[in-house]
Amino acid sequence: HRGPGLVATGRNTRRTGLDSLIQKSEGVGISVREGAQVTVEAGQFVECKGGGVEVQGGSLVHLKSCRLQKCGPAGLLVLENGQAQADDTDFSEIEGSAVHVLKGGTLQLRQCRLRDGLGMGLSVVGGGTATLEGCAISGNTHPGVRILKGATVVLRGCRLHDGKSLGVLCGEEGQGLMEQCELYGNALSGARVERGGSLALVRCVGRDGQDTGLMVLEAGQATLEECVVHRN
C-alpha cells in the first residue's frame, strides 16, 4: 500500500502497540499527527519506503526495543515541534538518516544503535534538539552526527565508531556537547567543527581514526576538557 501503515491523529488519541510488524510499505510505517501520543514496544519496521516513523507537530512517539531496517528517507523523522523518544531501539541500513530532527523537534535516545546507514546516523537542523545517552553510532556512509542551523545536540556515554566519514560534524550555528564519549575508527576526522559551529568535549576519547582526531576550521569553536586524543 502507498499510504502509512498506521496513522494516529488528534490530541485525544493514545495508542500502544506491542510486537507490531510493518514491512514493505510504499509509505511511512507510522505517522503520528495533531497531538496524538503513541508508544510502540518491540515493533518492527522493515523496508518502509516512506520512512519508519514520522512525528508531526505537537505529537509524541515512544519506541521501546524496536527495530527499523532498510527504511527511507529516515528511520525516525521528527518534524517541527514533534517529540520522540526511543529506548533500546536498533536503526540499521536506513536509506537516509537513521534519525532526522527538524526545526523545533525534540528527541531523546537511550541505549540505541544507529548503524550501517546510507546517510547519517543522526541529523539535527533548524533549532531542533537531541539528547543521546549510551548510544552506539557506527558504519554510516555520512557523518555519524550532524548538527547544523541552530540545532543543539548532547551526547553522553556514546560511541561513534567505524564510520565511513566523520564521527561528528558541527557547523552553521550548531551547538554540541559530548561527555564521556568515544570516537574511534572513523574514516575521516573524529569531530569536525565548521564556521559558526561550537562543540565541547568533556572527558572524551578520540582514537584510532584514519584522519585527524579533531579538526576545527575558520570561525569554528571547540573546547576540550580532560580529553585524550591519540593514534589518529
(request) For residues Leu109 and Glu133, determine if any side-chain heavy atom of one lies less than 4.5 Å from a side-chain heavy atom of the other. (result) no
(request) Check whether any side-chain heavy atom of Thr89 lies under 4.5 Å from a side-chain heavy atom of Gln111, and answer yes or no. (result) no
(message) On a heavy-atom basis, which atom in Val78 and which in Gln83 lie closest, and how many Å separate them?
(response) CG1-N, 4.1 Å
(message) Rounded to the nearest 0.5 Å, what separates atom NE2 in His161 from atom SG in Cys181?
(response) 12.0 Å
(request) Apply salt bridge (charged side-chain N to carboxylate O under 4.0 Å, His left out) to Glu173 and list each qualifying residue two or more places apart in sequence or on a separate chain. (result) none
(request) Please test Arg113 against Asp90 for salt bridge (charged side-chain N to carboxylate O under 4.0 Å, His left out), starting from the C-alpha separation and ending with a verdict. (result) CA-CA 5 Å; Arg113 298 156 299 282; Asp90 191 76; 3.2 Å; yes
(message) Between Asp87 and Arg110, is the salt bridge (charged side-chain N to carboxylate O under 4.0 Å, His left out) condition met? List the steps.
(response) CA-CA 5 Å; Asp87 300 288; Arg110 288 193 289 255; 2.9 Å; yes
(request) Output, in order, the C-alpha distance, side-chain angles, deciding distance and verdict of side-chain contact (heavy atoms from CB on, under 4.5 Å) for Arg192 and Val168. (result) CA-CA 6 Å; Arg192 176 178 171 128; Val168 176; over 6 Å; no
(message) Quick check against the 3.5 Å criterion: does Asn140 have a side-chain atom that pairs as donor or acceptor with the backbone of Gly117?
(response) yes
(request) Could you tell me which non-hydrogen atom of Ile94 sits nearest to which non-hydrogen atom of Cys71, and how far apart they are? (result) CG2-O, 3.2 Å
(message) Taking Ala200's backbone N and O only, do any of them form a donor-acceptor pair with Thr223's side chain (distance below 3.5 Å, no angle check)?
(response) no
(message) Using only atom types and a distance under 3.5 Å, with no angle test, would you say the side chain of Ser138 pairs donor to acceptor with the backbone of Arg115?
(response) no
(message) Restricting to non-hydrogen atoms, name the atom on Gln221 and the atom on Val216 that form the minimum distance, rounded to 0.1 Å.
(response) N-CG1, 4.2 Å
(request) Could you please spell out the steps behind the side-chain contact (heavy atoms from CB on, under 4.5 Å) verdict for Leu122 and Leu114? (result) CA-CA 8 Å; Leu122 168 67; Leu114 289 65; 4.2 Å; yes
(message) Measuring only between side-chain heavy atoms, which start at C-beta, is Thr39 closer than 4.5 Å to Lys64?
(response) yes
(message) For the backbone of Gly50 and the side chain of Ser25, can you confirm whether one donor and one acceptor N or O come within less than 3.5 Å of each other?
(response) no
(message) Would you say Arg146 and Ser123 are linked by a side-chain donor-acceptor pair, where the criterion is simply a distance under 3.5 Å?
(response) yes
(request) Supply the atom-to-atom distance His62 NE2 to Glu41 CD, rounded to the nearest 0.5 angstrom. (result) 9.0 Å
(request) Determine whether Ser97 and Met120 make a side-chain contact, defined as any pair of heavy atoms from C-beta on separated by less than 4.5 Å. (result) yes
(request) Could you grab the distance from atom NZ of Lys70 to atom NZ of Lys49, nearest 0.5 Å is fine? (result) 12.5 Å
(request) Check the pair Leu148 / Val124 against side-chain contact (heavy atoms from CB on, under 4.5 Å), numbers first and verdict last. (result) CA-CA 6 Å; Leu148 296 177; Val124 187; over 6 Å; no
(request) Consider only side-chain heavy atoms of I, L, V, M, F, W and Y, link residues closer than 4.5 Å, and tell whether Leu201 and Val153 are in one cluster. (result) yes
(request) Report yes or no: does Ser92 contribute a side-chain atom to a donor-acceptor pair with the main-chain N or O of Asp116 at less than 3.5 Å? (result) no
(message) Measuring only between side-chain heavy atoms, which start at C-beta, is Val145 closer than 4.5 Å to Ile137?
(response) yes
(message) For a 4.5 angstrom cut-off between non-hydrogen side-chain atoms, does Phe45 reach Val40?
(response) yes
(request) Run the salt-bridge test on Glu179 and Arg156 with the 4.0 Å N-O cut-off and return the result as yes or no. (result) yes
(request) Check the hydrophobic clustering (I, L, V, M, F, W, Y; side-chain heavy atoms under 4.5 Å; chains of links allowed) and say if Leu160 and Leu166 are grouped together. (result) no
(message) Is there a continuous path of hydrophobic side-chain contacts, each under 4.5 Å between heavy atoms, that joins Leu155 to Val202?
(response) no
(message) We want to know whether Ser165 and His142 form a side-chain donor-acceptor pair, criterion being a heavy-atom distance below 3.5 angstrom.
(response) no
(request) Over all heavy atoms of both residues, which pair between Ala8 and Ala36 is shortest? Give the atoms and the distance, please. (result) O-CB, 3.5 Å
(request) Write down the atom of Ala86, the atom of Cys112, and the distance for their closest heavy-atom approach. (result) O-SG, 3.4 Å
(message) Please find the pair of heavy atoms, one from Leu76 and one from Val55, that lie closest to each other, and give the distance.
(response) CD1-CG2, 4.1 Å
(message) Could you walk me through whether Gln108 and Thr131 satisfy the side-chain hydrogen bond (donor to acceptor under 3.5 Å, both in side chains) test, starting with their C-alpha distance in whole Å, then the side-chain angles of each, then the deciding distance to 0.1 Å, before giving a yes or no?
(response) CA-CA 5 Å; Gln108 289 185 315; Thr131 302; 5.4 Å; no
(request) Enter the distance from Ile147:CD1 to Thr152:OG1 here, rounded to the nearest 0.5 Å. (result) 8.5 Å
(message) So Val125 and His100, do their side chains get closer than 4.5 Å, heavy atoms only?
(response) yes
(message) Are Phe91 and Val61 connected into the same hydrophobic cluster when the rule is that any two of I, L, V, M, F, W, Y join if their side-chain heavy atoms are below 4.5 Å apart?
(response) yes
(message) Membership question, hydrophobic clusters at under 4.5 Å side-chain separation (ILVMFWY): are Val101 and Leu169 in the same one?
(response) no
(request) Find the distance between CD (Gln210) and CG (Asp162) and round it off to the nearest 0.5 Å. (result) 8.5 Å
(request) Please check if any side-chain donor atom of Gln23 sits under 3.5 Å from a side-chain acceptor atom of Glu47, or the reverse. (result) no
(request) With rounding to the nearest 0.5 Å, note down the distance linking CG in Leu107 to CD in Gln85. (result) 9.0 Å
(request) Flag the pair Arg195 / Leu217 as yes when at least one side-chain heavy-atom distance between them is below 4.5 Å, and no otherwise. (result) no
